[in-house]
Engineer: 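Below you'll find the structure I mean.
Order of the sequence lines sets the chain letters (A, B, ...), proteins ahead of strands, with each chain counted from 1. In what follows, every heavy atom counts, from backbone to side chain, and hydrogens, waters and symmetry copies are set aside.
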Amino acid sequence: MNLFNENNASVHLIPSDPNATFYILPNGIGKDRRTIFSNAIQHFHLQLVASPENARFILADEQFDLPKVFSILKLDLSESEEKSLPIVIQIKWLTDSLKEKNLVPLTKDYIFRTPLIRKKTMPSFSQEPVIEEKKTIKNKPKRRLSDDQPQGGCATQVKQRRYSSDDDNNDMMEDYNDTVKNPFKNGELPKGNWMCSMSSQTAKKNTEINKDIIDKLQAMADLYNKTNDKWRAYSYQKAITTIRRCTKRIDSYEEIIKLPGIGESLAKKIWEIIDTGSFEKLEDFQSSEYMTAINLFGNIWGCGPNIAKHWYDQGFRTLNDVRTKAKLSQNQTVGLKYYDEFLERIPRDEVAEIEAVVKEHALALVPGLTIQTCGSYRRGKATCGDVDILITHTDGISHQGLLIPIIDSLRKCGFLTDDLVLSDKYEEDSGSHVKYFGVCLLPGENRKHRRLDIIVIPHNEYACALLYFTGSALFNRSMRNLAHQYNMYLSQHRLNTGVIRKNNSKINMGTPLYTPTEESIFKYLNLPYRPPEERDH
DNA sequence: GGGCAGCGCAC
DNA sequence: GTGCGC
DNA sequence: GCCC
C-alpha cells in the first residue's frame, strides 16, 4: 500500500502503521538534534529504522535537495522504480510536530520535490560500511557455537534457536530482522561463549552435580571481587556459569580444559578440587587476616576494595574498629547500621509486599503508571538481594518530575528509613532518568530493613531499562559484549547501531534503534528471546 | 598486551 | 580525580 | 582470570 500519493494535499499517517518507517539522514544534523529527533519519532509512536534501506520515509535537513539526498543514500533516481523509492521529508515536519505536541499533517510543503525522472530499480546500498562488514565477516571461516562445546558429557551445548515466522504476530516486528544489518547468518553468532544466547534453566537443575566445585569457585570469586581483582573475579564467575551447565559430574582434566571460558589456570584449580577435595588457594585466603578483614569491610554498602584496604592499613580489623575509628561516608554509615540485615536475602513474597507499597503510593500520584519490579525478583528467584522497581508511563511524559513526590509520599508514612542516593537531575545523556537508592521497612512486627531502588524512566527507554535492571549482571555483560561485536551499543537507555569505535573510544555514537520491547532487543542482536527466568546466570 | 561498559553520585 | 554501585 |  502506498501511504503517500502525490495528488493528495497531505498524508495522514497512522502512527502505529508498520509502514510508517522513518530513517533520519544524519548528514548535517548534529548528535544532539539527532537524539531529539529519534526520541520524537518514538514519542509519536512512529517506527525508527536504523538504515535507509527499508524506510518508507527519509527525514532530511532542509539544506539539501532531493538529488543530494539520493546521492548521499547512493540511490540512483533515474534507475529506480517509483514505488520503491522512499519519500523524503523535511526535518521541519518533525520540529513543527514537536512544537504542536502532535503530528502535524504531512503536507506537500514538507516533502522534497520529486524530480520528473523515471525510476527503475531498487536502491543499492552497497557502499554502506555496515554491509561491507557483512561481506567481510561472511567470508571469514566461522566456527559454529556448537563447535565450542566440549566433546565430553558436559552439556553446555546450545541449540541456536531461530525465530520462526509465527513468533512475529505483530506487524511492527516484522522489519526488525531487516532493519538491522546483522552480519551473521540466521542462528549464528560471533565466535565465543555467549551466555546471553543460552537459557539458565538447565543450569538450575544441575546445581548438585558439581556443587563442591561451584561453591569453592564462588567463594574465590566473592573474595576477588572484594579485592581490586575484579577481572579475575569476572573470569571465575564465567567459569562457574559454564560448570553449572554441565549435566554430568566433571571427572577429568581433559574435559575441564575444553570448557569455554576455562583456561589452564582455572582448569588446574578445578582439578585440584576434584582430585583432592580441597582448594589450597581458597583456604589460604580464608585463613588470611587480610582477606578476612577485607571481606568483612567489603560487605558494608559503600565500602569497596580500596576503602577496605585503607581501613586494614590503618589497623582496623573488626566492624567495631570501623564503627568507632574510621571516617565513614554517609552511605557507609547506613551500610554499617544495617550490616546484618543487608546481607540477608529477601523472600519473594516480601518483595511483592514492598512492590505493593510503592505501587500504591505511585499510582495515587499518577494513575496509569507502568510499575515493574526487576532484578532477581523478575527472574523468578525465591529470594532477592534487594528490590529494584522501574517506573514509567506509556504517554512518555507523565513520568517527569515523578520521583521526588513518590519518595516524599513513601517517606511520610515511614516506609523509607534511610537514603543512599537520590538523583533527580536532568541527565544530558539519559533524558530525564532519575533514580533513588534507599532503605525501606515494611510495617509490622519482626520486619527487616531492605535495600530499595526506584528508577523512573521515559517510556522510550523502558525496554532497555527493563532488560538492564532485570539482569543478571553476567547476562548483561554478555549481551553488551555481543552488541559491541555488531558495532552496536547497548546500555540501560538504548540500543544504538552503526557505532564507530576507534582505539576503544566511540568516534560515532550511532543511531538509536526502535526498541519497544525486550524481544526487539534480542532480535536486533540475533538472539533467541530469553524470558527473565532464563537470564539467571 | 589490551579489553572485559560506562554512567552519576559522594567525597 | 577516585571510589563505589548499578 | 580468559580470549583475541
Engineer: For the pair A:His537 and A:Phe475, name the ring-plane relationship: parallel under 30°, tilted 30 to 60°, perpendicular over 60°.
Structural biologist: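 If you compare the ring of A:His537 with that of A:Phe475, the planes turn out parallel.
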Engineer: Rounded to whole angstrom units, what separation is found between the CG atom of A:Leu452 and the P atom of C:dG5?
Structural biologist: 18 Å
Engineer: Respond yes when some side-chain nitrogen or oxygen of A:Lys309 is under 4.0 Å from OP1 or OP2 of C:dG3, and no when none is.
Structural biologist: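 The answer is no; no side-chain N or O of A:Lys309 sits under 4.0 Å from OP1 or OP2.
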Engineer: What is the nucleic acid contact for A:Lys268, judged by heavy atoms within less than 4.0 Å: base, sugar-phosphate only, or nothing?
Structural biologist: nothing
Engineer: I want to check one thing: is the phosphate of C:dC6, taken as OP1 and OP2, less than 4.0 Å away from some side-chain N or O of A:Arg451?
Structural biologist: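 Yes, within the criterion.
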Engineer: Could you check whether any side-chain N or O of A:Thr292 sits under 3.5 Å from a backbone N or O of A:Ser288, counting only pairs where one atom can act as donor and the other as acceptor?
Structural biologist: yes
Engineer: Output yes when A:Lys204 and A:Asp536 qualify as a salt bridge under the 4.0 Å nitrogen-oxygen rule, no when they do not.
Structural biologist: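 No.
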Engineer: Heavy atoms under 4.0 Å, any strand shown: does A:Lys506 hit a base, just sugar-phosphate, or nothing?
Structural biologist: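 Counting heavy atoms under 4.0 Å across all strands, the contact made by A:Lys506 is with sugar-phosphate only.
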Engineer: Using the P atom in both, what is the distance from B:dG1 to B:dA5, to the nearest Å?
Structural biologist: 22 Å
Engineer: Using a cut-off of strictly less than 4.0 Å between a heavy atom of the residue and any atom of DNA chain C, enumerate the qualifying residues of residues 297-306 of chain A by number.
Structural biologist: A:Ile300, A:Trp301, A:Gly302, A:Cys303, A:Gly304, A:Pro305, A:Asn306
Engineer: A:Ser423 side chain N/O closer than 4.0 Å to the phosphate oxygens (OP1, OP2) of B:dG8?
Structural biologist: no
Engineer: Could you tell me the separation between the CD atom of A:Glu461 and the C1' atom of B:dG6, rounded to a whole number of Å?
Structural biologist: 15 Å
Engineer: In whole Å, what is the span from the CG atom of A:Asp453 to the P atom of C:dG5?
Structural biologist: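 Those two atoms, CG and P, are 12 Å apart.
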Engineer: Between the main-chain N or O of A:His493 and the side-chain N or O of A:Ser491, is there a donor-acceptor pair closer than 3.5 Å?
Structural biologist: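 The answer is yes, because a donor-acceptor pair under 3.5 Å joins these two groups.
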Engineer: Can a side chain N or O of A:His484 be found less than 4.0 Å away from OP1 or OP2 on B:dC4?
Structural biologist: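 Affirmative; the distance criterion is met.
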Engineer: Could you list by number each residue of residues 314-326 of chain A showing a heavy-atom separation from DNA chain D of less than 4.0 Å, or answer none if no residue does?
Structural biologist: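 Going residue by residue through residues 314-326 of chain A, none turns out to have a heavy atom under 4.0 Å of DNA chain D.
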Engineer: Can a side chain N or O of A:Asn504 be found less than 4.0 Å away from OP1 or OP2 on B:dC4?
Structural biologist: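 Indeed, a polar side-chain atom of A:Asn504 lies that close.
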Engineer: Measure from the side-chain heavy atoms of A:Arg477 and tell me the nearest of D:dC4, C:dC6, B:dA5.
Structural biologist: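 Between D:dC4, C:dC6, B:dA5, the one nearest the side chain of A:Arg477 would be B:dA5.
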Engineer: Does A:Asn476 reach a base, just sugar-phosphate, or nothing at all? Heavy atoms under 4.0 Å.
Structural biologist: nothing
Engineer: Which whole-number value in Å describes the distance from A:Lys230 NZ to C:dT2 P?
Structural biologist: 14 Å
Engineer: Can you see which heavy atom on A:Leu466 is nearest to which on A:Cys374, and at what distance?
Structural biologist: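 Looking at all heavy atoms of both residues, the closest pair is CD1-SG, 3.7 Å.
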Engineer: Name the orientation class of the two ring planes belonging to A:Tyr312 and A:Tyr290 (parallel below 30°, tilted from 30 to 60°, perpendicular beyond 60°).
Structural biologist: perpendicular
Engineer: Can you measure A:Ile455 atom CD1 to C:dG5 atom C1' for me and round it to whole angstrom units?
Structural biologist: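 So the two atoms are 12 Å apart, to the nearest Å.
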Engineer: In whole Å, what is the span from the CG atom of A:Leu482 to the P atom of B:dC4?
Structural biologist: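 One finds 14 Å between P of B:dC4 and CG of A:Leu482, rounded.
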Engineer: Side chain of A:Tyr468 only, heavy atoms from C-beta on: which candidate in B:dC9, B:dG6, D:dG1 is closest?
Structural biologist: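 Nearest listed nucleotide: B:dG6.
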Engineer: So what does A:Gln332 hit on the nucleic acid, given a heavy-atom distance under 4.0 Å: a base, only sugar-phosphate, or nothing?
Structural biologist: nothing
Engineer: Indicate yes or no: does A:Arg451 engage A:Asp453 in a salt bridge with an N to O separation below 4.0 Å.
Structural biologist: yes
Engineer: Could you tell me whether the phosphate oxygens of B:dG8, OP1 or OP2, come under 4.0 Å of any side-chain nitrogen or oxygen in A:Lys435?
Structural biologist: no
Engineer: Given atom CZ of A:Phe469 and atom C1' of B:dC7, what is their separation to the nearest angstrom?
Structural biologist: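 So the CZ-C1' distance, A:Phe469 to B:dC7, works out to 10 Å.
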Engineer: Is the backbone N or O of A:His449 less than 3.5 Å from a side-chain atom of A:Glu341, with the two atoms forming a donor-acceptor pair by type?
Structural biologist: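 Yes; at least one donor-acceptor contact below 3.5 Å.
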Engineer: Counting only side-chain heavy atoms from C-beta out, which of B:dG6, B:dC11, D:dG1 sits nearest to A:Lys269?
Structural biologist: D:dG1
Engineer: Which whole-number value in Å describes the distance from A:Asn331 CG to B:dC11 P?
Structural biologist: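 So the two atoms are 7 Å apart, to the nearest Å.
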Engineer: Is it true that A:Asp215 and A:Lys211 make a salt bridge, defined as a side-chain N closer than 4.0 Å to a carboxylate O?
Structural biologist: yes
Engineer: Could you check whether the rings of A:Phe342 and A:Tyr338 sit parallel, tilted or perpendicular, using 30° and 60° as the cut-offs?
Structural biologist: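 If you compare the ring of A:Phe342 with that of A:Tyr338, the planes turn out tilted.
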Engineer: Identify which nucleotide among D:dG1, C:dC6, C:dG3 has an atom closest to any side-chain atom of A:Arg232, counting heavy atoms from C-beta outward.
Structural biologist: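 The nucleotide sitting nearest to the side chain is D:dG1.
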Engineer: Is there a side-chain hydrogen bond (donor to acceptor under 3.5 Å, both in side chains) between A:Arg378 and A:Thr470? Walk through the geometry before answering.
Structural biologist: CA-CA 6 Å; A:Arg378 184 158 179 257; A:Thr470 299; 2.7 Å; yes
Engineer: With a 4.0 Å limit, can you tell me whether A:Tyr234 has a side-chain N or O closer than that to the phosphate oxygens OP1/OP2 of D:dC2?
Structural biologist: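 No, because none of the side-chain N or O atoms of A:Tyr234 sits under 4.0 Å from OP1 or OP2 of D:dC2.
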